[in-house]
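Counting starts at 1 for both ligands and their atoms, following the listed order. Basis for what follows: all heavy atoms, side chains included, without hydrogens, waters or symmetry-related copies. Keep in mind the model is a prediction, meaning the values are calculated, not measured.
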Amino acid sequence: MIILGIDTSCDDTSVALIEIRNSKTEPRNYGAKVKMRTKFSSPFEIRSNIVSSQVKIHAKYGGVYPFLAKREHQKNLPVVFKRALRQAQGKQKFEKPNLIAVTVGPGLEPCLWVGVSFIKDLAKNLKLSIIPVNHIEAHIIANWLSPIRSKSPPTKIFGGGPAICLVVSGGHTQLILMKNFGNYKILGETRDDAAGECFDKVARILGLPYPGGPAIAAQAAQWKSNIQYPISNIQLPRPMIYQKNYDFSFSGLKTAVLYQYQKSKTEFPFMETRGKKSSKRINPLLTPSLSLGRMKFSSPIKNKKYKQAMAAEVQQAVIDVLIYKTLKATKEFKAKSIILGGGVAANEELRRQFKVQSSLPTGRPTKFKVNFFVPPKKFCTDNAAMVGITAFFHYLKGESRNWQKIFVNANLRI
Ligand code: KG4
Ligand code: ZN
């Protein structure tokens, strides 16, 4: 069977086509663990997974501007759709999809509607029902996309224990207890900024490009590779790390970076409007993002090494909190697996340290073996293949809806 997935939840327009082989095309009401497991091993091929990024458009704003993103989705989606079909077709004649799926939330409402309206038209034309997909669940299920899972499939969690899922993206930071596919409980989440949002804002303070996560990771890697500067005197807090809950808070971390940055500055960033320099001092974090977007900050004269050291410290502060709380939850809920997802899960250092911590005897929080799963990087950031594969598992449970019953919910919970 062929599954078509669409994601327009934030600033990436994505369409994917997945072929599932050896699967029965009749939906069944699967609930039994064993049946789910055999179905999860169905061989599949990602025939296409086109992601059209709007990064260049939003870079000057230092974040996503929803109405601009909506306009771009409207422009890009038909093009991305055609490209995905063309790529999937290959040399054979392409069959009509058997299943169509779209992200309905959470995300930016105007953006979500672009994908949803598009798929509703498609559903009418193709006479198909739609599988509505939760973006957070899709980030988790992205772990099922990789063939390298054959050795140690995450489906093990269905064989005897829950999993702790950490979804870390630009819009969300959630720690989720997953007892089975479709059975989730949010244990904690960020009370303010998401981890990715923190990286994006810190990058802006440091004069690094958007999206901030990869830029900070690159600076941090440079710092670590520099033997001349192995230790910095920059110290940032690890917010809420030892609190008796599973919530997070990253807004204070960003403020701590700002204060430290200002304290050690050699020149304050000044505002430039319409090419003219103004000496008026501004705090980039207190200025509404849209008006910020129209201004340019001159790069303050900062020591290159200082920026690298700050990037390394902020990255480590975020990693420390994420790993500590995830391991704590793993222990409390006797989880068999830790499952990562979301754009921040593409962070090399986070992946490496999670791998080490979840396998070390001292780091191992339970007497059980803890499996650690993270999708390949291209499936961590937003993509439609994760929507398609999530939809397949919902299809196996017999869940699909008539196009008239598909709506957007920007604040959808898992
Ligand atoms: O999941 P995603 O593509 O979109 C949302 O659903 O939000 O995540 C985007 C976020 C951005 O904040 C970006 O800075 C962050 O993921 N990100 C990273 C890396 N790649 C993307 N953060 C840290 N390290 C990375 N390598
Ligand atoms: Zn996402």
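Residue-ligand proximity: E348 is placed with every non-hydrogen atom at 4.0 Å or more from ligand 1. Q315 does not count as a contact of ligand 1, since none of its heavy atoms falls under 4.0 Å from the ligand.
Polar contact check, G343 against ligand 1: a nitrogen or oxygen pair lies under 3.5 Å apart. Below 3.5 Å of separation, one finds no N or O of A217 facing any N or O of ligand 1. When only interatomic distances are considered, the shortest N/O to N/O separation between D200 and ligand 1 falls below 3.5 Å. When only interatomic distances are considered, the shortest N/O to N/O separation between P211 and ligand 1 does not fall below 3.5 Å.
Evaluation of the side-chain contact (heavy atoms from CB on, under 4.5 Å) rule for D12 yields V51, S53, D382 as partners, not counting sequence neighbours. Remark: I57 pairs with L68, E72 by the side-chain contact (heavy atoms from CB on, under 4.5 Å) rule, at least two apart or across chains. Taking the side-chain contact (heavy atoms from CB on, under 4.5 Å) definition, one finds that E45 meets it with E19, R21, R47, sequence neighbours left out.
Cation-pi geometry between K120 and F407 is met: under 6.0 angstrom from the ring centre, within 45 degrees of the axis.
No side-chain donor from either of D247 and Q243 sits under 3.5 Å from a side-chain acceptor of the other. Counting only N and O atoms by type, the side chains of E349 and N347 include no donor and acceptor under 3.5 Å apart.
K70 has no carboxylate O lying under 4.0 Å from a charged side-chain N of E109, or vice versa, which leaves the two without a salt bridge.
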* To do: Please step through salt bridge (Lys or Arg N to Asp or Glu O under 4.0 Å) for the pair E332 and K328, ending with a clear verdict.
  => CA-CA 6 Å; E332 183 180 338; K328 196 173 129 195; over 6 Å; no

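Protein contacts to the Zn ion (ligand 2) involving N, O or S atoms at a distance below 2.8 Å are H135 NE2, H139 NE2, D382 OD1.
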